[in-house]
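Below is one structure, written out as structure tokens; the observations come after it.
Please read these numbers as outputs of a predicted model, since none were measured by experiment. Just follow the structure's listing: the first ligand is 1, and inside any ligand the first atom is 1.
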Amino acid sequence: MRRHPWIFEGSVARLNGRARPGDTVEVVADNGRRLGRAAWSPHSQIRARLWSFDPDETIDHAFFKRRVAAAVAARAALPELRAQQGLRLIHGESDGLPGVIADRYGDTVVLQLNSAGGEKWRDALVAAVLQATGCARVFERSDSEVRGLEGLQARSGILHGEEVDAPVVIEEHGIRLEVDIRGGHKTGFYLDQRENRLLVRALAEGRSVLNCFCYTGGFSLQALAGGATQVISIDSSGPALEGARRNLALNPQLPAGRAEWRDADVFEEMRALKKAGARFDLIILDPPKFAPSAAHADRAARAYKDINLLGFRLLNPGGLLMTYSCSGGVGLELFQKIVAGAAGDAGADARILRRLTAAADHPAALAFPEGEYLKGLLCQAV
Ligand code: SAH
């Protein structure tokens with residue numbers, strides 16, 4: 001049996017009895033075989049999400065304690081994750097908890113509930129997270145767009161512990177970073193790029209760096225720490241750039257004079273840089289999700305092509321392009337084709353040095369390929 005946890009609207013023949021949003025229902029195949037237990041979501045195309053493939057497992061507080069404890073233990077078992085102050089503890093479907101995200105920042109856990117089932121079991125999840133981590137505070141950031149698809153309103157605020165009155169600061173690879181858990185993107189920070197930020201640090205020595213879509217400067221600061229000669233960072237979000245500047249100030253050991261922040265549209269700014277004859281040794285392209293689903297793939301492909309083409313044109317000979325897509329609707333194969341097309345149009349001979357993914361605290365269950373959303377290529381122009 002395949003163990004994909006989603007049951008789409010079209011595969012549900014009928015609901016016996018009644019169920020409100022988030023209620024646990026038993027899943028039965030048309031041949032009568034009992035398949036498992038799922039959370040019912042009448043407003044979503046994903047009509048049910050399986051909590052368990054064991055049809056006899058009871059979905060109760062004890063169930064969530066077990067699942068959350070297993071997710072936390074899985075991170076603790078990996079030495080590279082054990083010491084992290086910023087860590088994804090629960091990665092939804094891939095941790096057996098569909099629609100549930102929990103990120104830890106120091107003593108604070110930020111919980112994001114993206115499914116009717118998660119919504120229903122909020123209290124159980126909070127209790128389980130507190131027990132598994134010993135953290136002092138749980139803050140809810142259930143304000144992602146996907147909640148609307150589940151028929152849920154946006155919600156955010158403190159669920160346990162003291163109100164958040166100061167920014168949460170974490171250290172990552174020796175760099176201090178402020179995380180805006182109230183208003184930042186996602187739960188405040190892009191934890192999925194943690195390992196790739198370390199790679200940037202390792203590559204930066206003696207290189208000039210252009211960091212496109214820099215958000216609060218995670219890659220930029222690691223590039224400075226790694227010995228970059230110059231780091232130009234671009235983002236169109238004022239608050240993100242303010243955060244980036246504060247992050248730089250939090251790390252007085254870094255050569256701040258080598259950093260420049262540009263509040264601009266990446267597409268326009270890259271063109272302007274090209275016109276001005278600028279060239280870089282390392283360019284990072286980490287754009288937002290251009291294609292949330294396959295339906296947007298065409299338009300997204302053009303946008304990826306555009307920035308990657310500009311990226312190759314702005315590279316010095318021998319330069320490195322680190323390029324990402326976090327779009328669910330664009331798979332690795334398509335992404336690689338787009339990047340290859342961009343290199344071809346730029347007249348660049350380039351090769352892939354590494355394929356990059358999300359950090360290990362963002363696992364992808366083999367039965368759930370959607371979990372593998374982040375793909376990256378480290379390319380070198382010859
Ligand atoms: N690399 C970052 C995360 C990038 S998220 C990190 O490791 O933390 C994508 C960023 O792109 C967001 O900060 C968003 O504000 C910015 N953005 C989206 N569209 C943009 C555009 N057209 N031009 C510039 N920045 C853009």
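C214 and L241 make their closest contact through SG-CD2, 3.7 Å (heavy atoms, listed as atom of the first residue, atom of the second, distance).
Scanning all protein heavy atoms for the shortest distance to atom 20 (C) of ligand 1 gives S236 OG, 3.4 Å. Among protein heavy atoms, the minimum distance from atom 10 (C) of ligand 1 is reached at D235 OD2, 3.4 Å. Nearest protein heavy-atom contact of atom 9 (C) of ligand 1 is D286 O, 3.7 Å. Atom 22 (N) of ligand 1 has D265 OD1, 2.7 Å as its closest protein atom, hydrogens excluded (heavy atom only).
In this structure a side-chain-to-backbone donor-acceptor pair under 3.5 Å is present from N251 to R176. S236 places no side-chain N or O within donor-acceptor distance of the main-chain N or O of D265, the cut-off being under 3.5 Å.
The closest non-hydrogen atom to atom 19 (N) of ligand 1, taken over S237, C214, C212, P288, comes from P288. Checking I234, L177, V266 against atom 23 (N) of ligand 1, the nearest heavy atom belongs to V266. The residue among Y190, F213, Y324 with a heavy atom at the shortest distance from atom 17 (N) of ligand 1 is F213.
Side-chain contact check for N16 and R14: at least one donor-acceptor pair (N or O, by modelled atom type) lies under 3.5 Å. Side-chain N/O atoms of Q193 and D286 include a donor and acceptor closer than 3.5 Å. Of the N and O atoms on the side chains of H185 and Y190, at least one donor lies less than 3.5 Å from an acceptor on the other residue.
Residue A264 approaches ligand 1 through these ligand atoms, each under 4.0 Å from one of its heavy atoms: 23 (N), 24 (C). Atoms of ligand 1 found under 4.0 Å from any heavy atom of F219 (numbered from 1 in listed order, with element): 1 (N), 7 (O). Of all the atoms in ligand 1, the ones that sit under 4.0 Å from a non-hydrogen atom of H185 are 12 (C), 13 (O), 14 (C), 15 (O). The R197 neighbourhood of ligand 1 comprises atoms 6 (C), 7 (O), 8 (O), with distances under 4.0 Å to a heavy atom of that residue.
Proximity of the aromatic rings of W121 and F63 is defined here by a centroid distance below 6.0 angstrom, and this criterion is not met.
Between D95 and the choices R66, R75, R88, R67, the salt bridge (Lys or Arg N to Asp or Glu O under 4.0 Å) rule is met once, by R75.
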